[in-house]
Number of protein chains: 4
Amino acid sequence: MSTKTSGKSFIEKARRAQIMQTTIEAICDLGYAQASIGQIAKRAGVSKGVITYHFPSKDELMQKIVEELYLKGASFMSEIATESTAANMLRRYIETNLEFILAHKNHVAAVAEIVMNFRDEEGRLIYHKPADNSIYVPIIEILHWGQEDGSFRPILPSSAQVLAMTIRSAIDLASQQLVANPDFNIQEYAKELIQLFEAATGKPPI
Amino acid sequence: MSTKTSGKSFIEKARRAQIMQTTIEAICDLGYAQASIGQIAKRAGVSKGVITYHFPSKDELMQKIVEELYLKGASFMSEIATESTAANMLRRYIETNLEFILAHKNHVAAVAEIVMNFRDEEGRLIYHKPADNSIYVPIIEILHWGQEDGSFRPILPSSAQVLAMTIRSAIDLASQQLVANPDFNIQEYAKELIQLFEAATGKPPI
Amino acid sequence: MSTKTSGKSFIEKARRAQIMQTTIEAICDLGYAQASIGQIAKRAGVSKGVITYHFPSKDELMQKIVEELYLKGASFMSEIATESTAANMLRRYIETNLEFILAHKNHVAAVAEIVMNFRDEEGRLIYHKPADNSIYVPIIEILHWGQEDGSFRPILPSSAQVLAMTIRSAIDLASQQLVANPDFNIQEYAKELIQLFEAATGKPPI
Amino acid sequence: MSTKTSGKSFIEKARRAQIMQTTIEAICDLGYAQASIGQIAKRAGVSKGVITYHFPSKDELMQKIVEELYLKGASFMSEIATESTAANMLRRYIETNLEFILAHKNHVAAVAEIVMNFRDEEGRLIYHKPADNSIYVPIIEILHWGQEDGSFRPILPSSAQVLAMTIRSAIDLASQQLVANPDFNIQEYAKELIQLFEAATGKPPI
DNA sequence: GATGAATGAGATTTCATTCAT
DNA sequence: TATGAATGAAATCTCATTCAT
């Protein structure tokens with residue numbers, strides 16, 4: 001019994017993982033709209049029914065892909081909270097984020113596609129909460145800390161918000177470049193980005 | 001004669017403009033995928049045939065929307081080339097771009113949707129040229145000029161590339177914010193962005 | 001008044017003739033199904049409305065094309081009834097028919113297309129009367145006459161019917177060959193056909 | 001296992017066969033143009049999707065119908081090559097062809113419709129190779145053989161070509177008659193045709 | 001667990017036809 | 001007379017989903 005159950009469970013998990021991986025690749029290659037169940041099934045070498053069997057609906061498949069990246073991201077990001085100064089912390093934040101993007105480049109790109117295209121019946125974006133500032137909060141906290149520990153030049157709260165947005169969009173750009181341009185050197189990009197935002201936040205030398 | 005011609009031309013142009021405008025709004029509201037000919041026709045209060053009559057195919061309709069924004073953009077941007085220093089030039093570049101985004105916020109947002117989703121039969125993005133650096137060239141030129149006129153701190157070519165990418169992505173972010181968040185204050189955003197990149201490019205005072 | 005009327009009449013006739021001619025060419029090039037009003041209008045360099053104006057419906061346009069060929073055919077064929085013997089008559093019949101096909105090759109081919117494809121709402125062929133033997137009657141009469149004047153070998157009525165069908169289908173084949181194959185030599189074909197059916201009908205020499 | 005496989009295969013094959021048969025009948029009743037997927041589905045008592053499921057495109061469905069008739073024809077025709085003289089051979093050729101037409105009368109008629117109407121986007125007939133003489137080759141060979149074995153009167157090569165065309169078009173006519181006219185007696189027609197072409201090819205008795 | 005088969009909604013597109021000008 | 005504009009029906013095709021086996 002238990003063997004059977006865990007056997008099923010294993011197969012189940014393996015199949016789900018395989019389907020999700022294939023879906024991610026299909027989205028990267030074809031975009032969200034053309035990554036149909038049929039395409040995914042063909043690429044996975046299984047019948048369409050398998051997809052529906054493991055994921056009651058296409059929406060749920062997409063949601064799981066987003067969810068899984070968030071889980072990966074959460075554990076990856078938990079490493080960051082260990083630097084001694086805000087300046088080091090910002091550098092670490094940029095580095096870690098770009099490492100994560102590199103480590104999961106297709107998954108990240110696929111989730112970006114999903115987030116930008118997944119809508120409900122009335123056309124509203126499911127994953128887009130315009131008032132949601134939570135993505136920027138960690139950066140803003142670093143910038144705030146830098147005011148206290150003297151790492152950074154004076155930065156007003158309104159400036160901190162825009163700076164956070166700029167940092168985040170520069171990081172997200174790396175994902176797009178990575179999938180679109182095989183020559184893109186993300187390590188170099190990371191180094192330059194760190195320098196750039198050190199210059200942007202740094203105290204002018206006296 | 002000329003009245004007839006211009007009259008015909010006028011109706012034709014007016015309808016095309018109306019359809020394009022409705023399409024732009026439909027894309028903003030519903031996203032690229034759900035902005036179907038049927039939806040557009042319903043919103044425009046006409047039959048589906050009208051759309052096909054004025055735009056032989058959906059692809060052509062989309063292309064015209066992209067094209068028109070480029071034309072608008074070209075004339076808008078031609079104003080920029082008049083500043084005395086690279087530092088002023090960069091400020092002007094950011095300001096003008098954000099003004100343009102504000103002035104054509106739906107059009108800009110719709111084109112972003114199209115560019116990210118318009119693919120050929122094999123799934124390749126039509127408007128996405130990964131090796132295309134042309135969008136960054138104007139900024140890189142400003143940064144280069146700033147080396148010559150002494151406006152900016154020393155910036156290596158590799159750094160200039162990344163800086164240009166960062167500036168551009170920060171500008172493009174404004175468009176997303178604008179459509180998603182009615183409270184977004186783009187003037188404030190512009191001011192902050194200018195300050196930020198002045199700090200990032202500025203010579204440290206001695 | 002009368003000038004005006006005859007002027008209109010003339011223009012009217014000219015336009016109708018032009019439209020019919022263009023339609024005939026469109027059918028030859030594209031086939032019946034793809035010879036749409038739009039295609040015809042484009043080829044004629046006029047608007048679709050012109051077609052509908054002169055021909056209330058597409059069906060009527062097609063009917064007129066068929067009708068006109070019948071009129072042409074009737075006058076062309078009236079020449080035949082002048083030979084002295086049935087054997088000469090048969091030769092004349094074949095010659096004249098093939099001359100007619102050559103003289104109006106596109107029109108004949110277009111009408112063949114129409115006749116084979118023009119159907120009513122229930123799908124019944126309009127121009128196809130299965131029990132209609134009238135196309136074979138003239139040939140049968142020649143064969144019958146040949147019995148009387150001793151031109152031909154003895155041919156039973158049932159044989160005459162099949163012989164007539166064979167002659168007619170060989171003649172009609174020429175039209176298909178003519179439009180499909182630019183190298184087809186219809187004069188040569190006529191000569192051979194005449195020889196062939198002389199052999200088929202001829203009295204064996206004693 | 002094997003049951004499962006052959007079972008699946010069987011359903012698939014049965015459905016495809018059913019759809020092809022229904023399509024053949026629809027084409028005979030309604031003609032090529034009006035034999036739409038919708039009509040076929042309605043006649044088969046299934047949804048339109050079923051057709052597309054088993055035949056990815058309408059073109060492919062049509063091609064399969066043509067192909068299948070060629071396969072049937074190839075095996076049917078292989079029987080012919082067994083007569084002792086060219087004269088007997090010609091008789092056999094006519095008989096066998098007309099038997100085949102009778103045995104597959106709707107299929108033959110449908111393929112004739114398809115061949116005459118199936119065009120690519122530019123309007124060119126797909127199945128029409130004007131220079132293709134291969135349909136006439138078997139007959140020409142028989143006629144040539146008849147020169148050697150003395151079965152036939154002297155027939156020049158150019159005459160043989162036209163004779164072959166005439167024989168073939170007389171045979172093909174039977175198919176049209178058969179579907180259009182329920183009273184058409186093809187056995188009688190065969191007998192007459194054989195007599196006719198014996199007269200046309202026969203050596204005059206001395 | 002897995003598959004093939006089927007469905008029905010919806011998308012794009014073509015087209016004959018109508019109508020105001 | 002002629003035209004452009006508009007309509008609505010129908011055609012092909014795609015696709016997520018359901019279901020029996």
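Every chain is numbered from 1, with letters handed out A, B, ... down the list of sequences. The model shown is predicted, which means the values in this text are computed figures rather than measured ones.
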Check: protein-nucleotides 13-15 of chain E nitrogen or oxygen pairs below 3.5 Å:
{"from": "E:dT13", "atom 1": "OP2", "to": "B:K58", "atom 2": "N", "distance (Å)": "2.8"}

Check: Contacts to DNA chain E from residues 113-121 of chain D, heavy-atom cutoff under 4.0 Å, which residues?
Finding: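 Residues of residues 113-121 of chain D that come under 4.0 Å of DNA chain E do not exist, since none gets that close.
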Restricting to non-hydrogen atoms, name the atom on [X] and the atom on [Y] that form the minimum distance, rounded to 0.1 Å.
| X | Y | result |
| --- | --- | --- |
| D:Q34 | D:Q39 | O-CG, 3.6 Å |
| D:I65 | D:V111 | O-CG2, 3.8 Å |
| A:A110 | A:C28 | N-SG, 4.1 Å |

Please report the distance, rounded to the nearest Å, between [atom1] in [X] and [atom2] in [N].
| X | N | atom1 | atom2 | value |
| --- | --- | --- | --- | --- |
| A:I40 | F:dT14 | CD1 | P | 17 Å |
| A:L30 | F:dT14 | CG | P | 14 Å |
| D:M62 | F:dA11 | CE | C1' | 12 Å |
| B:I11 | E:dA20 | CD1 | C1' | 10 Å |
| B:Q18 | F:dA6 | CD | C1' | 12 Å |
| B:Y53 | E:dC19 | OH | C1' | 13 Å |
| B:R16 | F:dG4 | CZ | C1' | 14 Å |
| B:I19 | F:dA6 | CD1 | P | 7 Å |

Notebook entry, point to check: Applying the side-chain contact (heavy atoms from CB on, under 4.5 Å) test to A:L61, which of A:I114, A:T52, A:I51 qualifies?
Noted result: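 For A:L61, the side-chain contact (heavy atoms from CB on, under 4.5 Å) check succeeds only for A:I51.
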Check: Does the ring of B:F55 carry B:K48 above it, NZ/CZ under 6.0 angstrom from centre and within 45° of its axis?
Finding: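 No, B:K48 does not sit over the ring of B:F55.
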Notebook entry, point to check: Between D:Y32 and D:K58, is there a cation-pi geometry (under 6.0 Å to ring centre, at most 45° from the normal)?
Noted result: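 Yes, a cation-pi geometry holds between D:K58 and D:Y32.
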Check: Donor-acceptor pair, D:R119 side chain versus D:I126 backbone, under 3.5 Å?
Finding: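 No, because the side chain of D:R119 does not come within donor-acceptor range (under 3.5 Å) of the backbone of D:I126.
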Note to self: For C:G45 and B:I51, find the nucleotide of DNA chain F closest to each by heavy atoms; which residue's nucleotide sits nearer the 5' end?
What the structure shows: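 Final value for this comparison: C:G45.
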Item checked: Nucleotide nearest D:E12 (side chain, heavy atoms from C-beta), chosen from E:dA2, E:dA5, F:dG4 ->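 Among the listed nucleotides, the one closest to the side chain of D:E12 is E:dA5.
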Check: Quick one: does D:Q63's side chain get under 4.5 Å of D:Y127's, heavy atoms only?
Finding: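 With C-beta onward as the side chain, the pair touches.
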Check: If we only count heavy atoms from C-beta on, is the A:T23 to A:M62 side-chain gap below 4.5 Å?
Finding: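 In contact.
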Margin query: Is there a side-chain contact between B:R15 and the phosphate of F:dG4, meaning an N or O under 4.0 Å from OP1 or OP2?
Written below: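 For F:dG4, neither OP1 nor OP2 has a side-chain N or O of B:R15 closer than 4.0 Å.
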Checklist line | Phosphate-side-chain proximity, D:H54 and E:dG4, N/O vs OP1/OP2 below 4.0 Å | finding: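 D:H54 to E:dG4 OP1/OP2: no side-chain N or O under 4.0 Å.
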Notebook entry, point to check: Salt bridge or not for B:E68 and B:K13, using N-O below 4.0 Å?
Noted result: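 The answer is no: the pair does not qualify as a salt bridge.
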Note to self: Check this for me: does any side-chain nitrogen of one of B:D29 and A:R124 sit under 4.0 Å from a carboxylate oxygen of the other?
What the structure shows: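 Between A:R124 and B:D29 there is no salt bridge, as every charged N stays at least 4.0 Å from the carboxylate O atoms.
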Margin query: With side chain to side chain donor-acceptor pair (under 3.5 Å) as the test, pick out the partner of A:Q18 among A:R16, A:R15, A:Q21.
Written below: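 The passing option is A:R15.
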Note to self: Can you give me the bend angle of the helix from E:dA2-F:dT21 to E:dT21-F:dA2? Use the axis through the first five pairs and the one through the last five, nearest 10 degrees.
What the structure shows: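 Axis angle across the helix from E:dA2-F:dT21 to E:dT21-F:dA2, nearest 10°: 20°.
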